[in-house]
2 protein chains.
Amino acid sequence: MTVDRGTRPARRAVPSSRPPGVDLAPDADGGEESASRPVPEATVARLAVYLRVLTSLLADGRGTVSSEELAAAAGVNSAKLRKDLSLIGSSGVRGVGYDVSRLTAEVEATLGLDSPHAVALVGVGNLGHALARYGGFAQRGFPVAALFDVDPALVGTVIDGVEVQHADAIDVVCAARGVTIGVVATPAEAAQRVCDHLVSAGVRSILNFAPTVLSVPAGVEVRKVDLAVEMQVLSFHVARRHGTVPAAGPAAPSRPTPREVFSR
Amino acid sequence: MTVDRGTRPARRAVPSSRPPGVDLAPDADGGEESASRPVPEATVARLAVYLRVLTSLLADGRGTVSSEELAAAAGVNSAKLRKDLSLIGSSGVRGVGYDVSRLTAEVEATLGLDSPHAVALVGVGNLGHALARYGGFAQRGFPVAALFDVDPALVGTVIDGVEVQHADAIDVVCAARGVTIGVVATPAEAAQRVCDHLVSAGVRSILNFAPTVLSVPAGVEVRKVDLAVEMQVLSFHVARRHGTVPAAGPAAPSRPTPREVFSR
DNA sequence: AGTTGTGAAATGATTCACAGCC
DNA sequence: GGCTGTGAATCATTTCACAACT
């Protein structure tokens, strides 16, 4: 993709002095929370992708993989993959590669997939309903332990063996069932309130599908999936290609608001 | 959130020589495709978020906003917001702020939302069905122009006024209806094939919900939404908090594969 | 020979802090 | 006085390239 920029000046020869280097960090989670996080966020997201590839290799009975092959399958640069894996303290064998089953276990352990995480899903509307029935969650170690909504027509119904309860019960039920991850699939207006309830029930990780910025106390992790954003980013690329964009100069486009595409 | 790191050594006084600085890039899309992209990817994603806030401000009849307020509502740093907006050539007024309706129009224009983009959705299973009925797409200027699946039980059914057609027709129908964005919501196994069909139909932007890495020719933009990845990233944070992670040292955890949480 | 692990360079993104302008 | 626009500093991430090891 990127054009080869030709030969670049060689780096100066390596000085023989080997710097100390800590090799493996002493670990031991220093502070309560934000003190030390040796594994960067970007790496964590990629680990999940590596895991998917590893699992399929494992199913194929493959014993080892090289960083090159694994990286290609995951769609990343091999150096990046090696660095990622070195960060979680994994060890491949030089000249050979990584042991597939061992690496799989290491990645799973790092991601905390040793034990399942009970998930609460709030908002069983269109999207929420599909998510609840979407096998993906339970299948992958994230059993849906509770469903909530405010619609009386939905409360009491059973989806995939789980009864929908009223959102007022979030605090109690989540705490009782040991929910660790909350999924918000409500309309934007309700999202913050729902989020607050989840937090007060002790949920520290939230996946937000509602098109709003959730504010949470420090120590609570929110990840966002916003379909409108994704579509609009793609729209940007379409426009770029077609040259539709009015050459982002200082002058504003003449038309003030062509169409109110964005309603709420 | 972040603790104030106290007074930092003052930057050295600004030397009076003002460097040339290009101010506004000469623009004019140099090469065919990867040559120049003045707006960074990260900014584009945030523009969509700003737009949401702007729209709601517009609905409230607000005339102007300050970068501070807009940034707070979008959940970002105000300097970042100002830099983002300066990149798209917008102009606020010093001492006043940004004109809401004008800024809205500028962001919309940059994102290419002037005209709607016809969307094709492939895979009308659990998730795909919900996406098709999810008003979010059409409502925001991304009308679903075509639906595809391979399941004979689904082909021929009508969802929200659009008939589901067989996936074999992707090439023809997409080209005919001027589809510019494709959404892949099939199982992983079918995703690459579907993607190839979309590409050969001229679709240059793809939103992928299938848990696979799609390979596409240069010039095609793929964005990925992977629920398993999101959940696993959250799982990582849960584990970090609880200290469940077995101290990522060089020694592997004793158990080889605790549970096959990841099936396919 | 083949492949990992990793300093160090390169690139990219974010934040600071202040000049310039209304 | 208030607020934008932006160079420069800081921070994060990616990539390179090669020594170390099997």
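These numbers come from the heavy atoms of this one structure, side chains and all, not from hydrogens, waters or symmetry mates. Here is the naming used below: chain letters follow the sequence lines, and residue numbers restart at 1 for every chain. Please read these numbers as outputs of a predicted model, since none were measured by experiment.
Distance from the side chain of A:Arg82 is smallest for D:dA17 among the nucleotides D:dT13, C:dT15, D:dA17.
Between B:Leu113 atom CG and A:Ser235 atom OG the span is 4.5 Å, to the nearest 0.5 Å. Once rounded to the nearest 0.5 Å, the distance linking CG of A:Leu227 with CZ of B:Arg140 reads 8.5 Å.
Residue side chain B:Arg94 reaches the base of D:dT4 through a donor-acceptor N/O pair under 3.5 Å, judged by distance alone. Checked by distance alone, A:Lys83 brings a side-chain donor or acceptor within 3.5 Å of a matching partner on the base of D:dT15.
Under 4.0 angstrom from either OP1 or OP2 of C:dA13 there lies no side-chain N or O belonging to B:Asn77. An OP1 or OP2 oxygen of C:dT3 is reached within less than 4.0 angstrom by no side-chain nitrogen or oxygen of A:Ser66. Proximity of A:Ser67 to the phosphate of C:dT3: no side-chain N or O atom is located under 4.0 Å from OP1 or OP2.
Spacing between atom CG of A:Leu70 and atom C1' of C:dG2 amounts to 17 Å, rounded to whole angstrom units. The separation between B:Leu85 atom CG and D:dT6 atom P is 11 Å, rounded to whole Å. Counting to the nearest Å, the P atom of D:dC11 and the CD atom of A:Glu41 are 19 Å from each other.
Counting only residues at least two apart or on different chains, no salt bridge (Lys or Arg N to Asp or Glu O under 4.0 Å) pair has a member in residues 204-220 of chain B.
Considering all non-hydrogen atoms of both residues, A:Cys195 and A:Val216 come closest at SG-CG1, 3.5 Å.
Heavy-atom nearest nucleotides on DNA chain D were determined for A:Asp84 and for A:Val93, and the one closer to the 5' end corresponds to A:Asp84.
Note that the two end axes of the helix from C:dA1-D:dT22 to C:dC22-D:dG1 enclose an angle of 0°, each drawn from 5 base pairs, rounded to 10 degrees.
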